[in-house]
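Just below is one structure, and these are the notes that go with it.
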Amino acid sequence: MPELPEVETVRRGLAPVFEGGTIARVEARRKDLRFPFPPRFAARLAGRRVLALRRRAKYLIAELDNGEALVMHMGMSGSFRVDKDDEPGNPGVPRGKKAAHDHVVVHFEGGARATYNDPRRFGFMLLFGDGELATHPLFRGLGVEPLGEGLTVRSLAEALRGRTAPIKAALLDQRVVAGLGNIYVCEALHRARVSPFRTAGSLVAKSGAPSRDLTRLAAAIEAVLREAIDAGGSSIGDHRLTDGSLGYFQHSFRVYGREGAACSTPSCKGTIARAAQSGRSTFYCPLCQK
DNA sequence: CTGTGTTCCTGTTCGC
DNA sequence: TGCGAACAGGAACACA
């Protein structure tokens with residue numbers, strides 16, 4: 001489920017509990033998710049204080065007071081639920097009650113709990129040693145963060161130059177831009193009026209200079225992510241939506257899941273179509289995306 | 001190195 | 001209503 005905006009929304013929802021909190025104990029209710037839990041996973045977390053909860057691409061990173069880092073990925077179907085014992089009206093699952101697919105529960109001193117639920121178990125949790133974030137294969141090749149200073153038209157041009165894969169596939173590649181997924185790639189390409197079938201390299205001039213289309217695309221990526229985060233931000237505090245669901249922004253999709261609908265581009269008479277690209281669904285307007 | 005297809009797993013939705 | 005098929009937001013991996 002979660003792409004960058006959802007992961008960021010989850011981070012903001014979890015931060016009040018994680019940051020500054022001390023982990024009392026961890027329940028890992030099975031031996032693995034996508035990958036096996038690290039050796040002595042629960043024991044190594046117990047007693048640790050969380051200094052900060054960060055996000056990189058679609059990863060959540062809890063920095064611990066011993067220099068290690070708890071790295072979490074929610075895969076396709078992962079979600080977190082936060083429960084605080086000192087809130088009598090808390091709509092979350094009552095203490096001790098186990099919902100299906102609740103695989104990990106992090107108990108904090110003071111009684112707050114963060115419960116990780118993941119039916120498909122494509123998510124995972126790892127413990128990195130001091131400094132491992134910079135060198136671990138999962139992080140080593142990650143591209144720039146699309147928000148903040150990382151993503152520039154120039155950096156995009158450099159990453160895409162000469163590539164013959166469709167721009168849709170290139171943007172899904174986490175080495176190009178970190179954190180984009182199928183939904184937001186579709187949305188960004190539509191906003192930029194760029195066809196998902198164009199080769200990535202066609203957006204870059206032979207000289208390496210970015211095209212006008214690429215300039216629009218970079219702006220569209222940033223805009224759609226920011227809007228989605230803002231929409232998610234408005235849902236923080238609602239326990240049902242602190243879980244990484246798409247929140248209110250799904251009502252703002254212009255192409256994703258809208259096959260057959262009228263294109264929303266002003267004065268465009270197109271109809272949103274759906275195609276398969278590298279095994280995933282692409283939603284686009286055949287008329288205004290060139 | 002680059003690009004593409006397969007695979008992990010379970011739940012939900014769709015067409016008959 | 002039931003039931004099999006298609007599909008799902010990720011990304012590691014194998015392979016051409």
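Predicted, not measured: the structure shown is a model, and the values here were computed from it. The chains referred to below are lettered A, B, ... by the order of the sequence lines, with proteins before strands, and numbering in each begins at 1.
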Are any of A:R274's side-chain N or O atoms less than 4.0 Å away from OP1 or OP2 of C:dA8? yes
Under 4.0 angstrom, heavy atoms only, what part of the nucleic acid is A:G279 near: base, sugar-phosphate, or nothing? nothing
Identify each atom pair where a protein N or O and an N or O of nucleotides 14-16 of chain C are less than 3.5 Å apart, giving names and distance.
none

The salt bridge (Lys or Arg N to Asp or Glu O under 4.0 Å) partners of A:R11 (sequence neighbours excluded) come to A:E8
note: A:F283, atom CZ; C:dC7, atom P; distance rounded to Å ~ 10 Å
Lys/Arg N to Asp/Glu carboxylate O, A:R121 vs A:D118, below 4.0 Å: no
### Message
Once you measure the plane-to-plane angle for A:F18 and A:F108, does it fall in the parallel (<30°), tilted (30-60°) or perpendicular (>60°) bin?
### Response
perpendicular
Here the gap from A:D32 atom CG to A:R34 atom CZ, rounded to the nearest 0.5 Å, amounts to 12.0 Å
When rounded to whole Å, the CG to C1' distance for the pair A:D173 and B:dC1 reads 12 Å
What is the ring orientation for A:H136 with A:F128, classed by angle as parallel under 30°, tilted 30 to 60°, or perpendicular over 60°?
parallel
Q.
Work out how far the P atom of C:dA6 is from that of B:dT6, and round it to whole angstrom.
A. 14 Å
A:R161 CZ to B:dC1 C1', in whole Å, measures 17 Å
Are A:R163 and A:D173 side-chain neighbours, meaning at least one heavy-atom pair lies under 4.5 Å?
yes
(Q) Salt bridge check, A:K58 against A:E3: does any charged N sit closer than 4.0 Å to a carboxylate O? (A) no
When you compare the side chain of A:K168 with that of A:N182, does any pair of heavy atoms fall below 4.5 Å? yes
Readout for nucleotides 11-16 of chain B: B = base within 4.0 Å of protein heavy atom, S = sugar-phosphate only, - = neither; 5' to 3' it is S-----
Closest of B:dC9, C:dG10, C:dC7 to the A:R121 side chain is B:dC9
Report yes or no: does A:R55 contribute a side-chain atom to a donor-acceptor pair with the main-chain N or O of A:A57 at less than 3.5 Å? yes
Output field dot_bracket for DNA chain B (Watson-Crick or G-U, both distances under 3.5 Å, | for other-strand pairs) contains .|||||||.|||||||
Rounded to whole Å, the CG-C1' distance (A:L160 to B:dG3) equals 14 Å
Within residues 201-208 of chain A, the residues having a heavy atom closer than 4.0 Å to DNA chain B are none
From CG of A:D118 across to P of C:dA8 the rounded distance in Å is 18 Å
Separation of B:dG3 atom P from A:R198 atom CZ, nearest Å, is 16 Å
Answer whether the closest heavy-atom distance between the side chains of A:D130 and A:N66 falls below 4.5 Å.
no
Q.
Taking the six-membered ring for Trp, are A:F283 and A:F253 closer than 6.0 Å centroid to centroid?
A. no
Does A:T164 make a side-chain N or O approach to OP1 or OP2 of B:dG3 shorter than 4.0 Å?
yes
Query raised in the report: With a non-hydrogen cut-off below 4.0 angstrom, is A:P166 in contact with a base, only sugar-phosphate, or nothing?
Result: sugar-phosphate
field: Test of ring centre spacing under 6.0 Å for A:F124 and A:H73
entry: yes
Protein-nucleic acid N or O pairs under 3.5 Å, nucleotides 11-13 of chain C:
from, atom 1, to, atom 2, distance (Å)
C:dA11, OP1, A:H73, NE2, 2.4
C:dA11, OP2, A:K58, NZ, 2.7
C:dA12, O4', A:R34, NH2, 3.0

Problem - Side-chain donor or acceptor of A:R258 paired with backbone N/O of A:R254 under 3.5 Å - result: yes
Full working for side chain to side chain contact (heavy atoms under 4.5 Å, CB included) between A:F80 and A:M72:
CA-CA 11 Å; A:F80 281 92; A:M72 301 171 277; 3.7 Å; yes
By nearest-nucleotide position on DNA chain B, the 5'-leaning member of A:R30 and A:A165 is A:A165
So CG of A:L138 and CZ of A:R56: to nearest 0.5 Å the spacing works out to 12.0 Å
Practice problem: Answer yes or no: does atom NZ of A:K290 have more than 12 heavy-atom neighbours from other residues, nucleotides or ligands under 6.0 Å? | Solution: yes
_So A:E6 and A:F249, do their side chains get closer than 4.5 Å, heavy atoms only?_
no
